[in-house]
Each structure stands twice: as structure tokens, then as C-alpha cells.
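So that the names make sense, note that chain A is the first sequence line, chain B the second, and so on, each numbered from 1.
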2 protein chains.
Amino acid sequence: MYTALMSTSERLIESTRELLWERGYVGTSPKAILERAGAGQGSMYHHFKGKPDLALTAIRRTAEELRAAAERALGGPGTPYERIVAYLRRERAVLRGCPIGRLTMDPDVMANDELRAPVDETLTWIRDRIAGIVEEGKAQGQFAPELDGGEIGAAVLATVQGGYVLARAAGSPAAFDTAVSGLLTLLAPRTA
Amino acid sequence: MYTALMSTSERLIESTRELLWERGYVGTSPKAILERAGAGQGSMYHHFKGKPDLALTAIRRTAEELRAAAERALGGPGTPYERIVAYLRRERAVLRGCPIGRLTMDPDVMANDELRAPVDETLTWIRDRIAGIVEEGKAQGQFAPELDGGEIGAAVLATVQGGYVLARAAGSPAAFDTAVSGLLTLLAPRTA
DNA sequence: GTCTATACACAGATAGAC
DNA sequence: GTCTATCTGTGTATAGAC
């Protein structure tokens, strides 16, 4: 539960972000949000139109943070392969899953175009970002010319998203790392 | 909603399987199950101890079916690579997601060891099954000796699970196929 | 076995006092 | 802005009639 160091509205947003990550949209009730934020019913309906409106604000912020975190790895120094390694190996709370990807399994999020949009945009952006890096690598001769940037970008992001699934099922982050290692072996540049 | 061609208990199980697939565990209420099954409150509590008990029965059945479907592709004819292709390309209701994998994002399933067990066992089984096929391929010289069966198995299954995430986010099955194509390019045997 | 009736807490939202 | 009522429906389960 957040202290009074934040405004009520901020505490509501941050509490919602946490709960959406932990329990998804259908699993998160206004009551739970209010308790965590230390606010009363009135505050939430003063600052937001209701649960979907507050969730939208929370999701947008989380999406922006995720994009920034991905960019820190993908836009860092090194060869294209090294940047993809940095992305795949970056620090993650593996057992918590992806705060954006998990929303794709939420029926109420998927049924609401406004809520789905930031999810779609974020994953598409990461996919395309990786795709561009793969094309860079091809141009530099690090990757084989038969690789398709879009396909590899999708495969890399899918491995991450699926890695979360395997790790959560097993109750251990190891499965995530195993899947990543497998993909990286397959993607390794020819050490000509 | 199911007709009277099934027993009440069967209709309850099948309705639960559908709803767990569509809406997950937290998103599925006994009331919705009863409506779909065309049964009254009493029937459910006569045949099952409650929602978790009914869900466990439903999940176990779905897990068994998923394993069988995977085995039909993985245990089919062809080289190791071809069998993995068959698995990755098998007919799927992509936009519905994986009926087992999606449960890993359900907080109440993950918090209940009995409910999580069949999820874990199923995904582990598929992972290991693919791992063995990769080892076969290595023995036959189809795959490079530096590939680790366990890692590739995890990467293949993660691509599938993550492919569902990408497809659902985009609202189109194409993203799934794109990711699969990318992985298959990377995994393609050296056409020595 | 299946039904309806009942129970009580929670989900989501509104009203109006301070 | 924030709070405490208050409201209607739903979630999950039990009781007891048929």
C-alpha cells in the first residue's frame, strides 16, 4: 500500500498497475485498488470514470515503461546480435510474467478496443524494433541473408512471452532462461 | 449450451472447459457454467465439491487432450525436423489461445497447487517430448551437435505459447505463423 | 439427482455530506 | 477532493423440497 508521498490519483494508478500485473483485469476489483491505494470509493470516481478508465491509464503507463525498458537493451551498444542478447537476457521478474503480454489472456481487455490498443501497439513496436535490428545484422553480414527480420522479430518476442508461460507453469524462472538459450543458439551468428 | 445428449455431470465439465478457455478461472463463475450446461445450482454441488473441484476435473481433461494432440504431430511420420514442423504448423484455434498455457496467467490457478499441477505436467511433457526428438535429430546428423535438446524444446514450446500472445494482441492469427516461420528458419537442418 | 430458495459477501457504481 | 452511505446485481455456497 502506498503512502501519502503520492497524490491520491497517483496512488490509484500505481495500485492498479500492480494489481493488473498480479491478477489481470477481471481479477482486479475497485475495492482491492482502493484498499491498496488507501483511498475511499469517492476518490476513484472523482478522478476516473470507472474501472475501465482507470485501467486504461494504468495500462498506458505500463506500456510506455515496457517500451522504454526494451529500448534500453535494443538501442544499446554492440552488434545486432549482442543487442538482441541484451534484450533477451535483461533483468526480468520472470515469475511475475509480462505486465503487458498477460493482458492478452484477459477476456475483458480483449473485448475492449481501447484497452487492447496499447497492448497491441507495444508488442508490435517491440517486434518491429527487433526486426530492424535483424535487418541491420543482415546488412553487416552477421546474420544469414535468408533470415526475415519480421519473422525473427516475432520469434524472439514470442520466445520471451512464451518463456514467461513455461516459467510460471514450472514455478521457476529457469524455464525462461532455457528457452532463451535455445533461441540464442539457433540465432548465433556464423563465426566465419 | 449443451443439449441433453450428455449427462448433467458431463455437460458441467464441458461447459467449464469452454469457459476456462474463453475467460480463465477467475473470469468464470459457477452461474455462467450452470447456464451453459443448462443445469441448476444443486447439480453442480451434487457432482462436485465446488468451483475448484469442477475446474480441476475440466483442466485434467483438457490437459490430456492437449497432450494427445501434440503427440499426434510429434509422434507422426517423418524426420525429426518434419515432426517439429508438423507440431508447429498443426491446426490451431490461434485466437483462442492455448487452453492450458493461458491458465498460467490466472492468479487463482497458480495459487492452487492442485490446479497448477496438470498445467505444469502438460507443458513439461511437451517440452521433453520435443527435446527427445531434437536429440534424435542430432544422432541422425540432421541437427547440429551443439544444439541442446532441452533448450530447443523449451524454445519451440515458448514460440508456440508466445505466438498466441502476439496473435491475440494483434487480433490476427498471422502473428503466430510469422513467429513459427522465424523459428523454423533458424532450426532448418543444414542442407549439406 | 435435480430443483428452487436462501444466505452473505463482494463487484461496480451513484448520492450527497463535509 | 475525499469520505461514508446506499444500491443493484453477481459470486459462491448451503438447505431442503421433490
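At a threshold of 4.0 angstrom between heavy atoms, the contacts of S9(B) with the nucleic acid are absent.
Between E14(A) and R17(A) there is a salt bridge, since at least one side-chain N of the basic residue sits less than 4.0 Å from a carboxylate O of the acidic one. Ion pairing between a basic and an acidic side chain is recognised when a charged N comes within 4.0 Å of a carboxylate O; E18(A) and R23(A) show no such pairing. Taking the charged nitrogens against the carboxylate oxygens, K138(A) and E146(A) have no contact shorter than 4.0 Å, which rules out a salt bridge. Using a 4.0 Å cut-off between a side-chain N of Lys or Arg and a carboxylate O of Asp or Glu, R129(B) and E71(B) qualify as a salt bridge.
Nearest nucleotide to the side chain of A39(A), out of dA11(C), dT2(D), dC3(D): dC3(D). Checked against dT2(D), dC3(D), dC10(C), the side chain of K31(A) finds its nearest nucleotide in dC10(C). Distance from the side chain of T8(A) is smallest to dT2(D) among dT2(D), dT2(C), dC3(D). If you check dC3(C), dT2(D), dT14(C) against the side chain of Y45(A), the one that comes closest is dT14(C). Between dG12(C), dC3(C), dT12(D), one nucleotide has an atom nearer to the side chain of K51(B) than all others, and that is dT12(D). Nearest nucleotide to the side chain of S29(A), out of dA11(C), dT2(C), dT2(D): dA11(C).
Separating the CG atom of D53(B) from the P atom of dT12(D) is a distance of 15 Å, rounded to the nearest angstrom. The separation between E35(A) atom CD and dT2(D) atom P is 18 Å, rounded to whole Å. Between the CG atom of L12(B) and the P atom of dA13(D) there is a distance of 14 Å, given to the nearest Å. One interatomic measurement links the two molecules: CG of L54(A) to P of dA13(C), which rounds to 11 Å at whole-angstrom precision. Rounded to a whole Å, the CD1 atom of I33(B) is 14 Å from the C1' atom of dT10(D). For H47(A) and dC3(D), the NE2 to C1' distance is 12 Å, given to the nearest whole Å. In this structure, L34(B) atom CG and dG1(C) atom C1' are separated by 14 Å, rounded to whole Å. Rounded to a whole Å, the CZ atom of F48(B) is 16 Å from the P atom of dT12(D).
With I130(B) as reference, I84(B) is the one residue of I84(B), L88(B), V160(B) to meet the side chain to side chain contact (heavy atoms under 4.5 Å, CB included) rule.
A donor-acceptor contact under 3.5 Å links the side chain of Q41(A) to the base of dA13(C).
Of the residues near DNA chain C, A32(A) and G42(A), the one whose nearest nucleotide (by heavy atom distance) lies more toward the 5' end is A32(A).
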